[in-house]
Amino acid sequence: MLNLNMIDTLGGGIKKMFILQRNRHFPMPDYDLKEPDKVKVRIIGKVIDENYTRMLIQKTDLSLEEVIALDKVQKRKPINEEEFKHLKRKDLIEGRRPNLFVSAEVAAATDTKADYIRKRAFDKQHYIKMMKEYLEKFGYATRQDIDKLLLDKISDALNSRQKNKFISNLLQEMRRQGIIYSVGGKRGRGAVWKLSKEET
DNA sequence: TGGTACCAATAAAGCAGATG
DNA sequence: CATCTGCTTTATTGGTACCA
């Protein structure tokens, strides 16, 4: 047992377990100290979120506190304000509460993500222009047409669910600005979008 | 000059209901 | 019944004024 590193040789058992797991790039142990005379612990020996794992491999300078907070994020447990701000500032997490997730590809992606935020207003104009051109050419478009037109051009800083919603929001925005309208005011799947007369 | 408190604008996500 | 629209809500961003 000693050789297998399964016996706590030096004191500081609990903290040591955290560090051990960190060094193995595994999720943090879940301690349960609710019963006064017992210590229950769950050690997870598999990857929960590969972004978390990759982050630990890439960023060796994370403090134990940071790793623990990140662990909460991957386990979808709530984190406090302080932890949230800290992780967000360091671009270690993304998303909006309560739907946070561990950032993907830390080093490279922080740039892309920043790029995305900086350019998104500009990009939006670009997408609107593309959609207008499409509608001018073909007269109408279904959601599938629009997805095909834009989906692969949207920044990879967004996941596919976010990309979908981005297009939905974009359509709504254009509708509200009176650039386009849904033929017969249709909702749901069958909606067909057209350019408003003033825009043609 | 740099930090920050506040505010308006808006991006993103949630939700309900329509629709095929 | 999953998808998509339309509307609502929430969070973030970016500007600006203010103070040390």
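So that the names make sense, note that chain A is the first sequence line, chain B the second, and so on, each numbered from 1. Since the model is a prediction, treat every value here as computed from it, not as a measurement.
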Atom [atom1] of [X] and atom [atom2] of [N]: how far apart are they, to the nearest Å?
| X | N | atom1 | atom2 | answer |
| --- | --- | --- | --- | --- |
| A:Lys163 | C:dC4 | NZ | P | 16 Å |
| A:Gln162 | B:dG14 | CD | P | 10 Å |
| A:Phe122 | C:dT13 | CZ | C1' | 19 Å |
| A:Trp193 | B:dT19 | CH2 | C1' | 14 Å |
| A:Asp123 | B:dT10 | CG | C1' | 16 Å |

Decide whether A:Phe138 and A:Ile146 are clustered together by the hydrophobic rule: side chain heavy atoms of Ile, Leu, Val, Met, Phe, Trp, Tyr closer than 4.5 Å, transitively.
-> yes
Write down the atom of A:Tyr134, the atom of A:Ala141, and the distance for their closest heavy-atom approach.
-> CE2-CB, 3.6 Å
Classify the nucleic acid contact of A:Arg175 as base, sugar-phosphate or nothing, counting any heavy atom under 4.0 Å across all strands shown.
-> sugar-phosphate
Residues touching DNA chain C, which here means a heavy atom under 4.0 Å, drawn from residues 139-150 of chain A =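 Nucleic-acid contacts, sorted: A:Arg143.
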For the side chain of A:Ser196 and the backbone of A:Gly178, is there at least one donor-acceptor N/O pair under 3.5 Å apart?
-> yes
Look only at the side chain of A:Asn23 and the backbone of A:Leu20, and say whether a donor-acceptor pair between them is shorter than 3.5 Å.
->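 Checking the backbone N and O of A:Leu20 against the side chain of A:Asn23, no donor-acceptor pair under 3.5 Å is found.
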Return yes when atom OH of A:Tyr31 has more than 12 non-hydrogen atoms of other residues, nucleotides or ligands closer than 6.0 Å, and no otherwise.
->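 Yes, because the 6.0 Å sphere around OH of A:Tyr31 holds more than 12 heavy atoms from other groups.
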Step through the shown structure and confirm whether more than 12 heavy atoms of other residues, nucleotides or ligands are within 6.0 Å of NZ on A:Lys153.
-> yes
List in numerical order all residues of residues 164-173 of chain A for which some heavy atom is under 4.0 Å away from an atom belonging to DNA chain B.
-> A:Lys165, A:Phe166, A:Asn169, A:Glu173
